[in-house]
Amino acid sequence: EVSVKDENGCAADLKFDLKNKQIPELTAATLQKGQTMRLDKLFFKADSSSIEPSSLPTMEELYEFLTENGSVAIEIGGHTNNIPPHEFCDRLSEERAKAVADYLVGKGIDPRRVLYKGYGKRKPKYTNKTKDGRRKNQRVEVKVLSI
């Protein structure tokens, strides 16, 4: 059970099971330097860096992993689709990556272990010609920098 505050400062207790992994590939036994993992269950309010409460299990899983594996350093990378102008995409992707990093650092992870970068629309993994492809390109990834 975790207590969080919404945008109005109201406390809410959320319960979730960390045994039900949100990031299955985040496993110390198989982790490799340079490995990148998409955070599929990390959601933000539209055109915002405000993390949705439904993302808390993913955030907590990442926090727990970093707590248990004190030598791992990561980069949080934010990405967007190609619709908005570059300036907007760069700012939004960086703000979203920073929001994830700030959450982890705020819980006590050493800031030297959690870097963040906004890639804007420069590194699409899917076609931007379809709505589904654009949705998939709006993503946050974790890259292992050192183990």
Side-chain angles (χ1 to χ4, degrees), residues 2-7 12 14 16-147:
V2 177
S3 185
V4 295
K5 292 187 178 179
D6 65 17
E7 61 272 1
L14 298 180
F16 53 88
D17 183 3
L18 281 178
K19 292 180 189 87
N20 183 9
K21 292 188 65 87
Q22 306 296 311
I23 319 165
E25 60 272 63
L26 191 62
T27 306
T30 60
L31 207 61
Q32 297 178 9
K33 184 177 178 181
Q35 181 177 351
T36 301
M37 294 153 278
R38 179 187 170 109
L39 300 180
D40 286 323
K41 296 182 180 171
L42 179 61
F43 307 103
F44 296 88
K45 293 188 186 323
D47 297 329
S48 163
S49 61
S50 179
I51 299 169
E52 293 281 1
S54 62
S55 302
L56 195 59
T58 297
M59 301 291 285
E60 282 298 303
E61 186 173 320
L62 187 54
Y63 166 73
E64 291 293 330
F65 178 83
L66 290 171
T67 299
E68 293 168 8
N69 298 279
S71 63
V72 174
I74 61 171
E75 175 192 271
I76 308 293
H79 301 268
T80 65
N81 66 42
N82 73 338
I83 300 292
H86 271 295
E87 184 180 294
F88 178 83
C89 291
D90 290 346
R91 182 176 48 78
L92 182 62
S93 63
E94 177 132 346
E95 287 174 357
R96 287 180 171 181
K98 183 180 185 305
V100 174
D102 286 350
Y103 177 88
L104 298 168
V105 170
K107 289 195 60 117
I109 301 297
D110 185 332
R112 293 172 295 186
R113 294 178 53 211
V114 185
L115 305 179
Y116 64 89
K117 182 170 177 134
Y119 290 95
K121 54 184 170 182
R122 290 175 184 81
K123 294 189 174 196
K125 285 194 170 178
Y126 307 92
T127 180
N128 275 304
K129 293 180 181 175
T130 67
K131 187 175 182 178
D132 186 56
R134 289 188 298 273
R135 184 185 53 76
K136 288 178 179 178
N137 280 330
Q138 294 176 182
R139 66 194 188 280
V140 173
E141 296 176 331
V142 173
K143 180 178 181 181
V144 178
L145 299 176
S146 65
I147 300 177

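In terms of heavy atoms, P53 sits closest to P57 at O-CD, 4.4 Å. Listed here is the closest heavy atom pair of N137 and T127: ND2-O, 3.9 Å. Contact detail for S49 and A99: the closest heavy-atom pair is O-CB, 3.5 Å. The minimum heavy-atom distance linking G120 with S93 is given by the pair N-OG, 2.8 Å. What you find for G78 and A97 is that their closest heavy atoms are N-CB, 3.7 Å.
Atoms OG and CZ, from S71 and R113 in turn, are 7.5 Å apart once rounded to the nearest 0.5 Å. Note that CD1 of I83 and CG of N128 are 7.0 Å apart. Values are rounded to the nearest 0.5 Å. We find the CD-CG distance between E60 and L104 to be 9.0 Å, quoted to the nearest 0.5 Å. Atom CG of L115 is separated from atom CG of L145 by 5.5 Å, given to the nearest 0.5 angstrom. Here the CG atom belonging to L62 is positioned 11.0 Å from the NZ atom belonging to K107, to the nearest 0.5 angstrom. Separation of atoms OH (Y119) and NE2 (H79) is listed at 6.5 Å; rounding is to 0.5 Å.
In terms of modelled atom types and a separation under 3.5 Å, the side chain of R38 and the main chain of K136 share a donor-acceptor contact. In this structure a side-chain-to-backbone donor-acceptor pair under 3.5 Å is missing from T36 to K143.
The shortest distance between side-chain heavy atoms of F43 and T58 does not fall below 4.5 Å. With a 4.5 Å cut-off on side-chain heavy atoms, L42 and M59 count as touching. With contacts defined as side-chain heavy-atom distances shorter than 4.5 Å, the pair F44/V140 qualifies. The side-chain heavy atoms of L56 and Y103, taken from C-beta on, include a pair separated by under 4.5 Å.
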Passes side chain to side chain contact (heavy atoms under 4.5 Å, CB included), T80 versus F88? Steps please.
-> CA-CA 10 Å; T80 65; F88 178 83; over 6 Å; no

Test log, rule salt bridge (charged side-chain N to carboxylate O under 4.0 Å, His left out), inputs E141 and R139 | CA-CA 7 Å; E141 296 176 331; R139 66 194 188 280; 2.9 Å; yes

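The salt bridge (Lys or Arg N to Asp or Glu O under 4.0 Å) contacts involving residues 66-88 comprise nothing, where partners must be two or more places apart or lie in separate chains.
Residues that satisfy the side-chain hydrogen bond (donor to acceptor under 3.5 Å, both in side chains) test with N82, not counting sequence neighbours, are absent from this structure.
Checking each of R122, E95, K121 against D90 for a side-chain contact (heavy atoms from CB on, under 4.5 Å) leaves exactly one that passes, namely R122.
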